[in-house]
Number of protein chains: 2
Amino acid sequence: MIERQQVGRPRSEQARAAILHAVDDLVVESGYGAVTLKGIAERAGVSRQTIYRWWSTKAEILLEASAIDARQELQVPAHETPAEDVVAYLDALLAFLSTSDAGTAYRALVGEAQHDAKVAELLRDTDPVGQSAAEVIERALPGHEMRLPEATAELVGPVFFWVLSGRDPAELDTGRLAAAFLRNGPGVSRATAARRRGR
Amino acid sequence: MIERQQVGRPRSEQARAAILHAVDDLVVESGYGAVTLKGIAERAGVSRQTIYRWWSTKAEILLEASAIDARQELQVPAHETPAEDVVAYLDALLAFLSTSDAGTAYRALVGEAQHDAKVAELLRDTDPVGQSAAEVIERALPGHEMRLPEATAELVGPVFFWVLSGRDPAELDTGRLAAAFLRNGPGVSRATAARRRGR
DNA sequence: CTTTTACGAGACACTATGTATTGAAATTAG
DNA sequence: CTAATTTCAATACATAGTGTCTCGTAAAAG
């Protein structure tokens with residue numbers, strides 16, 4: 001924590017929260033396209049100037065509004081076997097991307113990133129999907145012999161593509177995907193890895 | 001071909017081409033975000049009304065403008081082995097998504113589809129990436145025992161995620177991805193499949 | 001009480017949107 | 001040739017969002 005701003009009226013936490021909630025609500029209600037800074041300000045009961053003071057784009061606000069929820073929803077409890085871990089994660093990822101409010105926000109951000117370099121950078125810095133996937137891989141498959149970036153893409157990619165290309169989430173067989181990922185993934189079994197760590 | 005419009009002034013093919021080219025140029029020059037219908041009209045030397053008559057959104061025009069190029073760039077010549085085929089396809093896909101003009105348009109469309117249901121439907125009907133991937137799988141791995149939708153997602157997904165999440169295309173090891181895909185993919189070898197067809 | 005910073009309210013110029021109107025051009029049917 | 005039909009360019013219009021600015025007020029520190 002850095003001590004900044006010793007003097008002057010402190011930032012209104014109420015206004016901040018109202019803005020973030022307003023964005024969340026508006027995106028879910030009317031979709032990202034219909035969200036405007038004007039609308040956010042009115043909904044939050046806040047002056048537009050107040051928004052511009054702290055954020056410069058819709059995307060920035062949306063990222064801040066959804067980041068916490070995103071992390072939480074992509075956090076899966078540890079399971080006994082790597083297979084269970086991976087399936088649970090893929091299910092969570094599918095639910096996040098296709099049904100969750102935070103997921104809606106995330107997809108909107110990915111969309112914006114395709115034609116807005118600032119958003120792309122913003123998203124690269126704090127990408128909840130990529131990070132959560134990397135964590136799961138490290139946890140479920142310690143001692144694996146994959147390159148982590150590629151492994152992350154292999155794990156996340158299929159679900160990511162499925163949802164973002166508009167396919168029906170209900171028709172995706174995550175078990176199949178998990179099996180495929182595990183088949184080519186770990187160069188060593190979990191037991192082997194445990195033995196290695198024991199030595 | 002359906003015979004429509006027997007009477008009246010025919011649609012100007014010149015205007016149509018000018019509009020499509022203008023969109024192409026503008027997207028490449030200034031990015032999708034900066035493209036406006038007004039700008040397209042001015043660039044193409046065309047009335048705005050003429051655009052509205054034939055298309056209803058930027059996305060529609062862009063799809064029409066890039067669809068042909070997209071198909072062409074994702075078309076890879078057949079190779080000797082499945083491995084070569086798959087690697088060649090993944091390289092083409094990576095180049096398409098990350099460097100090609102048509103790929104830029106495609107990514108923009110995928111982005112729009114995340115907050116525009118019309119675009120999503122439009123893209124679902126004519127998705128050059130999904131279709132080309134399915135073709136490659138059927139060609140390179142006849143007799144495979146995968147469900148085609150999941151297999152398509154497994155093949156395309158990692159590259160798709162890599163690029164759309166803003167990772168550096170130069171750092172992606174497509175050979176590794178291809179190997180992983182092939183390892184879990186074909187239930188039968190190409191030779192076996194050929195034998196089967198022969199019977 | 002003074003200084004500093006944040007706030008709400010509202011005005012401003014600018015730009016894009018989507019629709020409508022008008023008159024000219026290009027084509028077919030009779 | 002004429003009438004009907006359809007497209008076209010040009011232009012105007014109301015609506016709405018953008019980003020910046022100003023003003024008077026509120027809340028904190030010294």
Side-chain angles (χ1 to χ4, degrees), chain A residues 1-23 25-27 29-62 64 108 111-112 115-119 122, chain B residues 1-23 25-27 29-62 64 108 111-112 115-119 122:
Chain A
M1 295 290 183
I2 299 158
E3 299 287 332
R4 50 175 195 75
Q5 178 217 192
Q6 272 95 355
V7 72
R9 177 177 179 171
R11 176 175 184 181
S12 162
E13 178 55 36
Q14 186 185 339
R16 178 178 169 273
I19 292 166
L20 294 178
H21 281 128
V23 174
D25 293 350
L26 288 173
V27 168
E29 279 174 24
S30 344
Y32 184 86
V35 175
T36 65
L37 284 182
K38 206 174 183 177
I40 298 169
E42 284 167 11
R43 174 77 166 235
V46 148
S47 171
R48 267 196 298 156
Q49 200 49 247
T50 303
I51 300 182
Y52 280 112
R53 184 185 299 274
W54 301 105
W55 297 278
S56 48
T57 65
K58 268 188 291 182
E60 240 175 87
I61 313 176
L62 195 52
E64 188 167 337
E112 280 302 291
H115 33 69
D116 188 330
K118 284 184 197 169
V119 179
L122 216 61
Chain B
M1 295 291 184
I2 300 158
E3 298 288 331
R4 51 177 192 75
Q5 177 216 197
Q6 272 92 355
V7 71
R9 178 174 178 171
R11 176 175 183 180
S12 163
E13 178 56 34
Q14 187 185 338
R16 179 179 168 274
I19 291 166
L20 294 178
H21 281 128
V23 174
D25 293 351
L26 288 173
V27 168
E29 279 174 25
S30 344
Y32 183 86
V35 175
T36 64
L37 285 183
K38 205 174 183 178
I40 298 169
E42 284 166 10
R43 174 77 165 236
V46 148
S47 170
R48 268 197 297 156
Q49 201 49 248
T50 303
I51 300 181
Y52 281 112
R53 185 186 297 273
W54 301 106
W55 298 277
S56 50
T57 64
K58 267 188 292 182
E60 242 175 86
I61 313 176
L62 195 52
E64 188 167 337
E112 281 300 293
H115 32 69
D116 189 329
K118 284 184 197 168
V119 180
L122 214 61

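Below, chain A is the first sequence line, B the second, and so on; all start at residue 1.
One can place CZ of B/Arg53 at 12 Å from C1' of C/dA20, the figure rounded to the nearest angstrom. At whole-Å resolution of the value, CD in B/Glu13 and P in C/dT27 are 13 Å apart. In this structure, CH2 of A/Trp55 is placed 13 Å from C1' of C/dA6, rounded to the nearest angstrom. As a whole-Å value, the separation of B/Arg16 CZ from D/dA9 C1' is 20 Å. Per the geometry, CD belonging to B/Gln14 stands 16 Å off P belonging to C/dA25, to the nearest Å. The CD1 atom of A/Ile51 sits 16 Å away from the P atom of C/dA6 (whole-angstrom rounding).
Cation-pi check for A/Arg16 over A/Trp54 is not met; the charged atom does not lie both under 6.0 angstrom from the ring centroid and within 45 degrees of its normal.
Looking only at side-chain heavy atoms (C-beta outward), B/Trp55 and B/Leu37 stay at 4.5 Å or farther from each other. A heavy-atom distance below 4.5 Å is not found between the side chains of B/Lys58 and B/Leu62. Put simply, the side chain of B/Lys118 does not reach to within 4.5 Å of the side chain of B/Glu60, judged on heavy atoms.
For DNA chain D, no neighbouring residue in residues 34-43 of chain B is found when judged by any heavy atom under 4.0 Å.
Applying the 4.0 Å criterion to OP1 and OP2 of C/dT5, one finds that A/Trp54 has every side-chain N and O outside that range. Checking the phosphate oxygens (OP1, OP2) of C/dA9, no side-chain nitrogen or oxygen of A/Ser47 falls inside 4.0 Å.
A/Ala59 pairs by the side chain to side chain contact (heavy atoms under 4.5 Å, CB included) definition with A/Tyr32, A/Thr57, A/Leu109, A/Val119, not counting sequence neighbours.
Put simply, CZ on B/Arg11 and CZ on B/Arg53 are 10.0 Å apart, with the number rounded to the nearest 0.5 Å. Summarising the geometry, atom CD1 belonging to B/Ile40 is positioned 9.5 Å from atom CG belonging to B/Leu20; distances are rounded to the nearest 0.5 Å.
Nearest heavy atom pair, residue A/Ala41 against residue A/Arg48, reads CB-CG, 3.6 Å.
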With the sugar-phosphate defined as primed atoms, P, OP1 and OP2, and the base as all remaining atoms, what B/S/- string results for nucleotides 20-30 of chain D, 5' to 3', for protein heavy atoms under 4.0 Å? BB----BBBS-

